[in-house]
Amino acid sequence: MTVPASPTRHTLFGVRLTPLTWRRWHNFKANRRGWWSLWVFLVLFVITLFADFIANDKPLLISYDGGFYAPIFVSYPETTFGGDFETEADYRDPYLAELIAEKQGWILWPPIRYSYDTINLELTVPAPSPPTAENLLGTDDQGRDVLARVIYGFRISVLFGLVLTVFSSIVGVAAGAVQGYFGGWTDLLFQRFIEIWSGLPVLYLLIILASLVEPNFWWLLGIMLLFSWMALVGVVRAEFLRARNFEYVRAARALGVSNAKIMFKHLLPNAMVATLTFAPFILNGSITTLTSLDFLGFGLPPGSPSLGELLAQGKANIHAPWLGITAFAVLAIMLSLLIFIGEAVRDAFDPRKMPS
């Protein structure tokens, strides 16, 4: 794609861009596959962020006896709507719907009337049941709606991957910066440590650590962070080794600028190019590792909406092919989109693709 000559100042969504950033943006857009993959992924991710408003066993809004209630935000006892019990109302109960209708009330439901843990008690066939108008992708072996679990599972997978990518990038960039800038024994000892640490059987260690405690989102994130930070150390270290003896770095040292300021103000911006290029692939790997642990039963707590757990159900229920096919299709689409986005980001920062 040829980038036309443009004025000195460029703006994108109201933000002023440098000519270099402007060229990188055009190079990213030139990769049409990555450009459209970004938009498709963002649409899917934004939709799943509002999963509670799309798939839920609680109504969005209830009108009852002249008042309005939002069960999706507030827990109401059944007595609020004329029932007999002080426990939280079961809005799927026909008796409660009749009580609300008697007061000229109405119920506004989400498009899917199931949450990720809602069991369909009105199945006419044993679970897992095939797709129907009520359960568009069928139910799993516990009678839970597969589409609702896919929506929630997509969200938690991406959020987990994003958080892990951010934290591992921070640790990896800091470690690579210290190695490359100081060099010598610091670099030598650190490299020997990384060689030993990277040689450990990561998946087996994750399984062992996850089996010692009851895993949850943050505990699992911490365990995976122990090993995922090494992905960026090599490229950041190489950039700092290359640039630490440049004239402007020597001049900064001569002027008494601190090492920390030189590292993070003068050298880090150059290393961030490699960091941003690798970020989509790190995100991809984080999601894959989480899915693998969930598939093996060492991931998120039982009952959590998990794509890996759905894959395991598909393996255990060969007679219900909609489980395995759904999980495979969602993972294939998600990971393919991230790979295409990563390729576009790589092209954007490739100096050989920069227009003259």
Side-chain angles (χ1 to χ4, degrees), residues 42-160 162-163 216-218 300-307 309-310 313 322-323 326-327 330:
L42 288 178
V43 169
L44 294 176
F45 181 50
V46 171
I47 289 176
T48 57
L49 285 178
F50 297 93
D52 297 287
F53 298 92
I54 298 173
N56 209 319
D57 56 2
K58 298 179 181 179
L60 301 176
L61 188 66
I62 294 179
S63 174
Y64 175 78
D65 198 17
F68 292 95
Y69 303 86
I72 199 170
F73 296 111
V74 182
S75 176
Y76 300 104
E78 187 178 295
T79 54
T80 303
F81 306 103
D84 302 320
F85 301 103
E86 294 289 342
T87 55
E88 184 177 2
D90 180 7
Y91 302 99
R92 297 176 57 84
D93 189 348
Y95 171 69
L96 186 63
E98 292 176 1
L99 292 176
I100 295 174
E102 288 176 359
K103 294 292 185 178
Q104 304 300 316
W106 46 264
I107 301 177
L108 178 62
W109 284 95
I112 303 172
R113 297 188 182 186
Y114 297 91
S115 185
Y116 66 89
D117 57 352
T118 306
I119 299 176
N120 187 350
L121 301 176
E122 300 178 358
L123 293 176
T124 58
V125 296
S129 62
T132 62
E134 181 71 13
N135 305 108
L136 296 180
L137 294 179
T139 64
D140 63 6
D141 58 5
Q142 298 183 37
R144 299 171 297 191
D145 186 74
V146 172
L147 180 56
R149 291 186 66 80
V150 164
I151 294 173
Y152 282 89
F154 187 101
R155 180 177 69 175
I156 198 171
S157 296
V158 175
L159 288 177
F160 183 91
L162 286 174
V163 174
N216 56 48
F217 183 94
W218 296 107
L300 296 171
S304 300
S306 165
L307 299 178
E309 190 258 353
L310 189 59
Q313 287 201 31
W322 56 88
L323 297 176
T326 299
V330 172

message = I'd like to know whether Leu323 forms a side chain to side chain contact (heavy atoms under 4.5 Å, CB included) with Val146, so could you lay out the CA-CA distance, the side-chain angles of the two residues, the decisive distance to 0.1 Å, and finally the verdict.
response = CA-CA 8 Å; Leu323 297 176; Val146 172; 3.6 Å; yes
ask   = Short question: side chain of Ser304, backbone of Leu300 - any donor-acceptor pair under 3.5 Å?
value = no
task = Identify the two heavy atoms, one from Ala127 and one from Gly143, that lie closest to each other, and give their separation to 0.1 Å.
result = CB-N, 3.7 Å
ask   = Backbone N or O of Asp145 within a donor-acceptor pair of the Tyr116 side chain at under 3.5 Å?
value = no
inquiry  = Using a 3.5 Å distance criterion without hydrogens, assess whether the side chain of Gln313 forms a donor-acceptor pair with backbone atoms of Asp141.
reply    = yes
ask   = Would you say Ser306's side chain and Glu309's backbone share a donor-acceptor pair under 3.5 angstrom?
value = yes
inquiry  = Within this structure, what is the OG-CD1 distance for the pair Ser115 and Ile72, rounded to the nearest 0.5 Å?
reply    = 9.0 Å
task = Go through the side-chain N and O atoms of Asn120 and Tyr114 and say whether any donor and acceptor fall under 3.5 Å apart.
result = yes
query = If we only count heavy atoms from C-beta on, is the Tyr91 to Pro71 side-chain gap below 4.5 Å?
reply = yes
ask   = Does any N or O in the side chain of Ser129 come within less than 3.5 Å of the main-chain N or O of Val125, such that one atom is a donor and the other an acceptor?
value = no
inquiry  = Nearest 0.5 Å, please: how far is NZ in Lys58 from CZ in Arg92?
reply    = 13.0 Å
Nearest-0.5 Å distance that lies between atom CD in Glu78 and atom CD in Glu88 = 11.0 Å
query = Hey, is the main chain of Val46 close enough, under 3.5 Å, to the side chain of Arg155 for a donor-acceptor pair?
reply = no
message = Quick check against the 3.5 Å criterion: does Asn135 have a side-chain atom that pairs as donor or acceptor with the backbone of Pro131?
response = no
key: Min side-chain heavy-atom separation Arg113-Asp57 under 4.5 Å   = no
Lys/Arg N to Asp/Glu carboxylate O, Arg149 vs Asp140, below 4.0 Å = yes
key: Spacing of Leu49 atom CG and Leu44 atom CG [to the nearest 0.5 Å]   = 11.0 Å
request  = May I ask you to test the Thr118-Asn56 pair for a side-chain heavy-atom distance under 4.5 Å?
outcome  = no
message = Is there a side-chain contact between Tyr69 and Leu61 in this structure, where contact means two heavy atoms from C-beta onward sitting under 4.5 Å apart?
response = no
Thr79/Asp84 under side chain to side chain contact (heavy atoms under 4.5 Å, CB included): CA gap, chis, key distance, verdict = CA-CA 6 Å; Thr79 54; Asp84 302 320; over 6 Å; no
query = Nearest 0.5 Å, what's the OG1-CG distance between Thr326 and Leu136?
reply = 11.0 Å
query = So, Phe154 versus Phe45, ring centres under 6.0 angstrom or not?
reply = no
message = Using ring centroids (six-membered ring only for Trp), state whether Phe73 and Phe53 fall under 6.0 Å.
response = yes
message = Does any part of the side chain of Leu108, heavy atoms only, come nearer than 4.5 Å to the side chain of Pro59, both counted from C-beta?
response = no
remark   = When rounded to the nearest 0.5 Å, the distance separating OH of Tyr152 from CG of Leu147 is 11.0 Å
request  = Please examine the side chains of Ile62 and Phe81, heavy atoms only from C-beta on, and report whether any two atoms are closer than 4.5 Å.
outcome  = yes
inquiry  = Can you confirm whether Trp218 sits close enough to Phe160 that some side-chain heavy atom of one is under 4.5 Å from a side-chain heavy atom of the other?
reply    = no
task = Might you work through the side chain to side chain contact (heavy atoms under 4.5 Å, CB included) test for Val330 and Leu307, ending with a clear yes or no?
result = CA-CA 8 Å; Val330 172; Leu307 299 178; 4.0 Å; yes
